[in-house]
Protein chains: 2
Amino acid sequence: MTMSEMHLKDALDTLKTTGVRITPQRHAILEYLIQSMIHPTADDIYKALCGKFPNMSVATVYNNLRVFREVGLVKELTYGDAASRFDFVTGDHYHMICECCGKIVDFHYPGLNEVEQFASQVTGFEVNSHRLEVYGTCPECVAVGGKKVQ
Amino acid sequence: MTMSEMHLKDALDTLKTTGVRITPQRHAILEYLIQSMIHPTADDIYKALCGKFPNMSVATVYNNLRVFREVGLVKELTYGDAASRFDFVTGDHYHMICECCGKIVDFHYPGLNEVEQFASQVTGFEVNSHRLEVYGTCPECVAVGGKKVQ
DNA sequence: TTATTAATTTATAATCATTATAAATAGTGT
DNA sequence: ACACTATTTATAATGATTATAAATTAATAA
Ligand SMILES: [Mn+2]
Ligand SMILES: [Mn+2]
Ligand SMILES: [Zn+2]
Ligand SMILES: [Zn+2]
């Protein structure tokens, strides 16, 4: 069994135990998210699957992404004006984002617990989580001398 | 001269040297941003000033916030569905955000340069900046047993 | 297998932050 | 005060996301 197949099986199990029905659309969205490396938007997913599901509504994609987020299968990466992007959850990692072409690349880094603790002490908040993104220019965009777009 | 007055003077100087005209609306928006502690949305600013400027358009607020961002006077904090919030730039700092009431509190922390360097090495990107936010529950919301809302 | 039932999907309209447009107005240097 | 142009205003448009309600279907038990 490949890694992707294992992730899919685990995800379907999670849905089953959470009492969420497994529909062909949900199956396909999960499958797409697991194999995708691009951190797709809802519309990316819709476009990728509307060949297989000609009647599927964008609302279905949004609805299911919300369901997946609520049961912890998916993380939503939100940005201002631009559309949210979705990341199938496998483990903690951070994102490097190209300000020229929008590419998002994963990277792992040993936790930032000390920052969380420090922030908690100095603000008095109870800490739940944190979000770290690094912005820059990807090698491809550097090569063609790309300028900041988004 | 108070700190706020100095910030305002510096900001107006920046506009002058950048060739951006100083209008009453711009003056008022800057003044409001400098004294505000709440990291206001464009609409917050609009509501706060439309008493003084009964004919001002929301578009004016948005336009000027973009101008201020472009000349480096203001940072835009973007979130998914929710409206952007704006922060008058005085120095580098991070944000602690209450997931219950939405409050945003500043905190300072010695740079995360090593994370930037690490990320650059491992991804091959040229790094420009990073964004770190810590999420949790503020003391007030903890006191009343508030639950996660946004 | 079939019937039942509630969850889900679909189609469509609504929402809401933000941006675009064009005409009216006003800041700045002379 | 004048001329030139940036800015403001009013309004419409955009685009991502959500709401609604009717039609469909997954899951479960008889
Ligand atoms: Mn990722
Ligand atoms: Mn701040
Ligand atoms: Zn790039
Ligand atoms: Zn709070």
Side-chain angles (χ1 to χ4, degrees), chain A residues 11-30 32 39-47 49-71 73-74 76-86 102 149-150, chain B residues 11-30 32 39-71 73-86 102 149-150:
Chain A
L12 295 175
D13 281 352
T14 300
L15 293 187
K16 217 165 281 174
T17 58
T18 328
V20 175
R21 289 185 185 170
I22 294 158
T23 67
Q25 294 89 337
R26 282 180 179 159
H27 195 280
I29 294 172
L30 281 175
Y32 179 78
H39 302 82
T41 65
D43 203 57
D44 288 335
I45 299 170
Y46 173 72
K47 285 199 174 67
L49 299 181
C50 68
K52 204 175 190 173
F53 298 90
N55 296 319
M56 185 169 63
S57 164
V58 230
T60 298
V61 177
Y62 278 102
N63 287 339
N64 289 330
L65 288 170
R66 181 167 57 242
V67 171
F68 296 159
R69 173 163 49 78
E70 285 167 356
V71 301
L73 286 177
V74 157
E76 183 174 0
L77 312 174
T78 66
Y79 300 97
D81 45 335
S84 286
R85 306 182 63 161
F86 295 87
V149 171
Q150 41 186 132
Chain B
L12 294 175
D13 281 352
T14 300
L15 293 187
K16 218 167 280 176
T17 59
T18 329
V20 175
R21 290 184 184 170
I22 293 158
T23 67
Q25 294 89 339
R26 280 180 181 159
H27 196 280
I29 293 172
L30 280 174
Y32 180 77
H39 302 82
T41 64
D43 203 56
D44 289 335
I45 299 170
Y46 174 72
K47 285 200 173 66
L49 299 181
C50 67
K52 206 175 190 173
F53 299 90
N55 296 319
M56 186 170 63
S57 164
V58 229
T60 298
V61 178
Y62 278 102
N63 287 340
N64 289 330
L65 288 169
R66 181 167 57 240
V67 170
F68 297 158
R69 174 163 48 79
E70 285 167 355
V71 301
L73 285 177
V74 156
K75 273 222 172 103
E76 183 175 0
L77 313 175
T78 66
Y79 300 98
D81 46 334
S84 286
R85 307 183 64 159
F86 296 87
V149 171
Q150 36 186 131

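Chain letters run A, B, ... following the sequence lines, proteins first and then strands; every chain starts at 1.
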Over how many whole Å does the gap from [X] atom [atom1] to [N] atom [atom2] extend?
{"X": "Leu49(B)", "N": "dT9(D)", "atom1": "CG", "atom2": "C1'", "result": "16 Å"}
{"X": "His27(B)", "N": "dA26(C)", "atom1": "NE2", "atom2": "C1'", "result": "16 Å"}
{"X": "Tyr46(A)", "N": "dA16(D)", "atom1": "OH", "atom2": "P", "result": "13 Å"}
{"X": "Leu65(A)", "N": "dA16(D)", "atom1": "CG", "atom2": "C1'", "result": "13 Å"}
{"X": "Phe53(B)", "N": "dA10(D)", "atom1": "CZ", "atom2": "C1'", "result": "18 Å"}
{"X": "Ile45(A)", "N": "dA16(D)", "atom1": "CD1", "atom2": "C1'", "result": "14 Å"}
{"X": "Asn64(A)", "N": "dT18(D)", "atom1": "CG", "atom2": "C1'", "result": "14 Å"}
{"X": "Asp44(A)", "N": "dT17(D)", "atom1": "CG", "atom2": "C1'", "result": "15 Å"}

Which pairs with one or both residues in residues 39-62 of chain B pass salt bridge (charged side-chain N to carboxylate O under 4.0 Å, His left out), sequence neighbours excluded?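 The answer is Asp43(B)-Lys47(B).
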Quick check for you: to the nearest 0.5 Å, what is the distance between [X] atom [atom1] and [Y] atom [atom2]?
{"X": "Gln25(B)", "Y": "Ser57(B)", "atom1": "CD", "atom2": "OG", "value": "10.0 Å"}
{"X": "Tyr46(B)", "Y": "Tyr32(B)", "atom1": "OH", "atom2": "OH", "value": "14.0 Å"}
{"X": "Leu49(B)", "Y": "Met56(B)", "atom1": "CG", "atom2": "CE", "value": "4.5 Å"}
{"X": "Ile45(A)", "Y": "Arg85(A)", "atom1": "CD1", "atom2": "CZ", "value": "10.5 Å"}
{"X": "Thr41(A)", "Y": "Tyr79(A)", "atom1": "OG1", "atom2": "OH", "value": "12.0 Å"}

Within less than 4.0 Å of OP1 or OP2 of [N], is there a side-chain N or O belonging to [X]?
{"X": "Asn55(A)", "N": "dT24(D)", "answer": "no"}
{"X": "Arg26(B)", "N": "dG27(C)", "answer": "no"}
{"X": "Gln25(B)", "N": "dT9(D)", "answer": "yes"}

Rounded to 10°, the angle between the first-five-pair and last-five-pair axes of the helix from dT1(C)-dA30(D) to dT30(C)-dA1(D) is 40°
When we call it a touch if two heavy atoms are under 4.0 Å apart, what does Pro24(A) touch: a base, just sugar-phosphate, or nothing?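 Touches sugar-phosphate only.
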Do you know the tightest heavy-atom contact between Leu30(A) and Ala11(A)? CD1-CB, 4.0 Å
Could you run down the sub-3.5 Å N/O contacts of the protein with nucleotides 28-30 of chain C?
{"residue": "dT28(C)", "atom": "OP1", "partner": "Ile22(B)", "partner atom": "N", "Å": "3.1"}

Please examine the side chains of Glu70(B) and Thr18(B), heavy atoms only from C-beta on, and report whether any two atoms are closer than 4.5 Å. no
A side-chain contact here means heavy atoms from C-beta on lying under 4.5 Å apart; do Thr60(B) and Phe53(B) qualify? no
How would you list, by chain and number, every residue that makes a side-chain hydrogen bond (donor to acceptor under 3.5 Å, both in side chains) with Asn55(B), sequence neighbours excluded?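 With sequence neighbours excluded, Asn55(B) shows a side-chain hydrogen bond (donor to acceptor under 3.5 Å, both in side chains) to no residue whatsoever.
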List in chain and number order the residues that pass salt bridge (charged side-chain N to carboxylate O under 4.0 Å, His left out) with Glu76(B), two or more places apart in sequence or in another chain; answer none if no residue qualifies.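 Expected list: Arg69(B).
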Could you run down nucleotides 16-25 of chain C 5' to 3' and tag each one B, S or - for protein heavy-atom contact under 4.0 Å? -SSBB-----
side-chain contact (heavy atoms from CB on, under 4.5 Å) with Leu12(B): of Val20(B), Ile22(B), Leu73(B), Thr17(B), only one passes, and it is Ile22(B)
